[in-house]
S.K.: 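Here it is: the structure, laid out below.
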Amino acid sequence: MKKCFVYLFFFLFLSSSCDAQENAISRKTRVIEAPDNWGKETIPLPPSFASLIKFTGVEEVRFAPGWADKSSSEFWTYSFAWLITGNAELSEKSLEELMENYFSGLTAEVGKNNGIDSEKITNSAASFSSINQTTNQQFYQGTIDFYDVFFTQKPIRLNVKVKEFYCSDLDKHLMVFSFSPKSFDDKEWEIFRNVSFAEDCKQLAETFENSFSTHITGDYELIIPKAKSNGVLIVFPGFPENPEIIKREFEILEPAVEHGITLALMTFNQKIWLEDHEKKKLSDIFSEIFEKHNLETENVFIGGFSSGGNVSLLMGNYLKQSESLIQPTGVFAIDSPVDLLGLYENAKRNMDREFSAVSLQESQMLIDLLESGFGKPESNLANYEENSVYTKRTNNIHNLADLKDVKIRLYSEPDTLWWKENRMNEYEDMNAYFLKSLSEDLIRKFGDKVEFIPTENKGYRSNGERHPHSWSIVDVDDLLKWIVDK
């Protein structure tokens, strides 16, 4: 799906710190609702940049369409909800401290990433007053002053409205924040009528009828629907992504939960081939996931983006070959560099072309990586064949030989014009070329269980950047139907 939002949200630059712990969060697929043309983002709490936030939960954000447009009346107009476990016991003072810590940490981190002199970034200042209180709800309004590191590089003041309540039966605390630089009597605040969320504990309880639980360790983030179970999807990130980036770039979390698909988002990355000990380690992690969380093994799929697709195909074959208790029903790869020899030769051509600094840097990195691992291909072709998913020159698919009874999908977006303009690459240099060739060899060997799926104008990053090498080339609903249709 083409992204409709051309702004960069805060957490494009940030990730939460949650390794080496198990953190269970139960919530509805969506805590806060807004029209389809509003931007959205979800991150776990606490965020790494706000030291005063100790509670665990999720933050869901909804951005007005004009949020990033300095000329729009909706500039910096957005809302976010915190759904946390336990009672935060807010007061005017604690709310001020939380917001000051949150925005000071956020602007410092993003300012650093954007190359803004730290001396220009002033500390944030918040002021709140309680304006109303009912038996179960508390309302505040106030202001937050901070340095706008995103758009104007100037100080900015946002007016803020807050509604919060704690539900003792659920042990959940919901806080909803609405922000706009417009004064509270401005008609622009009417836009928040389009934003909906639970109004009381009864409604909040109803949001958990189709909820899921999240379990986070250093190796994976596991998302288990509570309502039903139609299978497990293990997802590997690209180079050098992580589960947070998967969720940001691959809009699969909510649809997967609705389809009853458990998601295991892996942290393993930065590998385009696997050593035997790595395959064994990943297999052991899979076993731990299934045993610890009592997951069914009858409908398991493995897939990934870019290098993660290579890992997915290799692990699918390894599980079949080793006769693991976890046997994949299907595997898929999204625009993956399956032919390491082809990847090396393309990198050498890019070095000769000297088209751009980005292309030269990427190509030199790949040449160094492959030569250090296998040597130069002219004298070490067997090493490339042994470790590659596929070698087109020799039609070598021995690393996929045990997938004959497994459904396989290979996705790519062969936008030859984009690659020509941005990398000076020909079709024969693209991942699509090798994926299509691989699909043809696999179809001859395995039959119609194998699909090559080329797409058109679907590749967009979450920040709106056009790039055919993106998670978004996958039609998520169609993928999930493929998984559920056994």
Side-chain angles (χ1 to χ4, degrees), residues 234-239 241 266 268-283 286 301-322 324 328 330-347 366-367 369-371 373-375 377 380-414 428-446 449-454 469 471 473-474:
I234 301 169
V235 184
F236 282 95
F239 202 120
E241 298 177 334
M266 309 301 294
F268 187 86
N269 59 20
Q270 301 191 42
K271 296 290 294 187
I272 53 177
W273 74 88
L274 293 176
E275 305 291 346
D276 288 342
H277 70 91
E278 292 170 325
K279 295 176 185 177
K280 175 64 166 59
K281 180 180 178 180
L282 286 171
S283 179
F286 292 171
F301 285 73
I302 309 174
F305 170 66
S306 194
S307 58
N310 284 12
V311 173
S312 300
L313 293 168
L314 294 171
M315 281 307 300
N317 191 77
Y318 177 81
L319 294 174
K320 297 292 288 187
Q321 187 181 65
S322 63
S324 166
V331 294
F332 64 90
I334 307 169
D335 202 44
S336 299
V338 291
D339 189 330
L340 299 183
L341 175 61
L343 189 64
Y344 179 92
E345 292 174 339
N346 178 44
L366 287 169
I367 291 169
L369 178 67
L370 292 168
E371 286 187 353
F374 311 133
N380 296 280
L381 178 60
N383 289 341
Y384 286 78
E385 290 182 301
E386 179 64 25
N387 290 279
S388 186
V389 172
Y390 172 60
T391 309
K392 176 175 171 53
R393 183 189 297 179
T394 58
N395 298 113
N396 178 24
I397 56 172
H398 84 280
N399 275 326
L400 302 180
D402 291 281
L403 295 178
K404 57 182 178 296
D405 297 322
V406 175
K407 299 198 294 186
I408 300 173
R409 278 189 168 186
L410 306 173
Y411 292 88
S412 193
E413 184 155 296
E428 290 75 17
D429 300 321
M430 296 162 52
N431 291 336
Y433 171 71
F434 295 98
L435 288 166
K436 186 174 189 299
S437 180
L438 171 59
S439 71
E440 292 168 349
D441 284 347
L442 289 176
I443 288 170
R444 283 192 289 268
K445 188 173 181 65
F446 298 155
K449 285 181 174 287
V450 180
E451 299 175 76
F452 172 65
I453 303 179
H469 185 65
W471 287 91
I473 67 173
V474 176

S.K.: Look up atom OG in S322 and atom CG in D276, then write down how far apart they are to the nearest 0.5 Å.
M.R.: 11.0 Å

S.K.: Can you give me the closest heavy-atom contact between F286 and M266, atom names plus distance?
M.R.: CE2-CE, 4.0 Å

S.K.: According to ring-ring contact (aromatic ring centres under 6.0 Å, His included), who are the partners of F446, at least two apart in sequence or on a separate chain?
M.R.: none

S.K.: After noting the C-alpha distance and the side-chain angles of E451 and F332, does the key distance pass the side chain to side chain contact (heavy atoms under 4.5 Å, CB included) rule?
M.R.: CA-CA 9 Å; E451 299 175 76; F332 64 90; over 6 Å; no

S.K.: Name all pairs fulfilling the salt bridge (Lys or Arg N to Asp or Glu O under 4.0 Å) condition that reach into residues 381-392, sequence neighbours left out, sorted by first residue then second.
M.R.: none

S.K.: Show, in sequence, the C-alpha distance, side-chain angles and deciding distance for L313 and L410, and conclude whether the side chain to side chain contact (heavy atoms under 4.5 Å, CB included) test is met.
M.R.: CA-CA 10 Å; L313 293 168; L410 306 173; 4.3 Å; yes

S.K.: Look at the side chain of S307 and the backbone N and O of I272, then say whether any donor-acceptor pair between them is shorter than 3.5 Å.
M.R.: no

S.K.: Restricting to side chain to side chain donor-acceptor pair (under 3.5 Å), what partner residues turn up for S412, sequence neighbours left out?
M.R.: D335

S.K.: Going by the rule ring-ring contact (aromatic ring centres under 6.0 Å, His included), which residues pair with F305 if we only count those two or more places apart in sequence or in a different chain?
M.R.: H469, W471

S.K.: Could you work out, with side chain to side chain donor-acceptor pair (under 3.5 Å) as the rule, every residue matching N395, not counting sequence neighbours?
M.R.: D441

S.K.: Not counting sequence neighbours, which residues clear side chain to side chain donor-acceptor pair (under 3.5 Å) with K271? List them please.
M.R.: E278

S.K.: Can you sort out the partners of D405 under salt bridge (charged side-chain N to carboxylate O under 4.0 Å, His left out), two or more places apart, ordered by chain and number?
M.R.: none

S.K.: Roughly how far apart are L442 CG and I397 CD1, rounded to 0.5 Å?
M.R.: 5.0 Å

S.K.: Going through the checks in order, is the side chain to side chain contact (heavy atoms under 4.5 Å, CB included) test met by L403 and K320?
M.R.: CA-CA 7 Å; L403 295 178; K320 297 292 288 187; 4.1 Å; yes

S.K.: Any chance you could measure F434, atom CZ, to N346, atom CG, to the nearest 0.5 Å?
M.R.: 7.0 Å

S.K.: Any carboxylate oxygen within less than 4.0 angstrom of a Lys/Arg side-chain nitrogen, looking at K436 and E440?
M.R.: yes

S.K.: Are any side-chain N or O atoms of Y384 and backbone N or O atoms of G375, one a donor and one an acceptor, separated by less than 3.5 Å?
M.R.: yes

S.K.: Among all residues two or more places apart in sequence or in another chain, which pass the salt bridge (charged side-chain N to carboxylate O under 4.0 Å, His left out) test with E241?
M.R.: none

S.K.: Kindly indicate whether the side chain of I408, heavy atoms from C-beta on, has any atom under 4.5 Å from the side chain of L400.
M.R.: no

S.K.: Among residues two or more places apart or on two chains, list those pairs meeting salt bridge (Lys or Arg N to Asp or Glu O under 4.0 Å) that have a residue in residues 337-346.
M.R.: E345-R393

S.K.: Kindly write out the residues that satisfy ring-ring contact (aromatic ring centres under 6.0 Å, His included) with F301, not counting sequence neighbours, or none if the list is empty.
M.R.: W482

S.K.: Who passes salt bridge (charged side-chain N to carboxylate O under 4.0 Å, His left out) against K404, sequence neighbours left out?
M.R.: none

S.K.: Please list, chain by chain and in numerical order, all residues satisfying side chain to side chain donor-acceptor pair (under 3.5 Å) with K280, sequence neighbours excluded.
M.R.: D284

S.K.: Quick check: do I302 and F236 have side-chain heavy atoms less than 4.5 Å from each other?
M.R.: yes

S.K.: Starting at CZ of R409, measure out to NZ of K449 and round the result to the nearest 0.5 Å.
M.R.: 12.5 Å

S.K.: Which pair of heavy atoms, one from N431 and one from P337, lies closest together, and at what distance?
M.R.: OD1-CA, 3.5 Å

S.K.: If you compare all heavy atoms of N269 against all heavy atoms of G238, which two are closest, and at what distance to 0.1 Å?
M.R.: CB-O, 3.5 Å

S.K.: For the backbone of V389 and the side chain of N399, can you confirm whether one donor and one acceptor N or O come within less than 3.5 Å of each other?
M.R.: no

S.K.: Which distance, rounded to the nearest 0.5 Å, do you find between the OH of Y390 and the CG of L435?
M.R.: 10.0 Å

S.K.: Which heavy-atom pair separates G303 from S312 by the least distance, and what is that distance?
M.R.: C-OG, 2.9 Å

S.K.: Sub-3.5 Å donor-acceptor pair from the side chain of S388 to the main-chain atoms of L340, do we have one?
M.R.: yes

S.K.: How many angstroms lie between CG in L314 and CH2 in W273, if you round to the nearest 0.5 Å?
M.R.: 11.5 Å

S.K.: Any idea which heavy atoms bring F374 and N383 closest together, and the distance?
M.R.: O-ND2, 3.0 Å

S.K.: Which pair of heavy atoms, one from P328 and one from V406, lies closest together, and at what distance?
M.R.: O-CG2, 3.6 Å

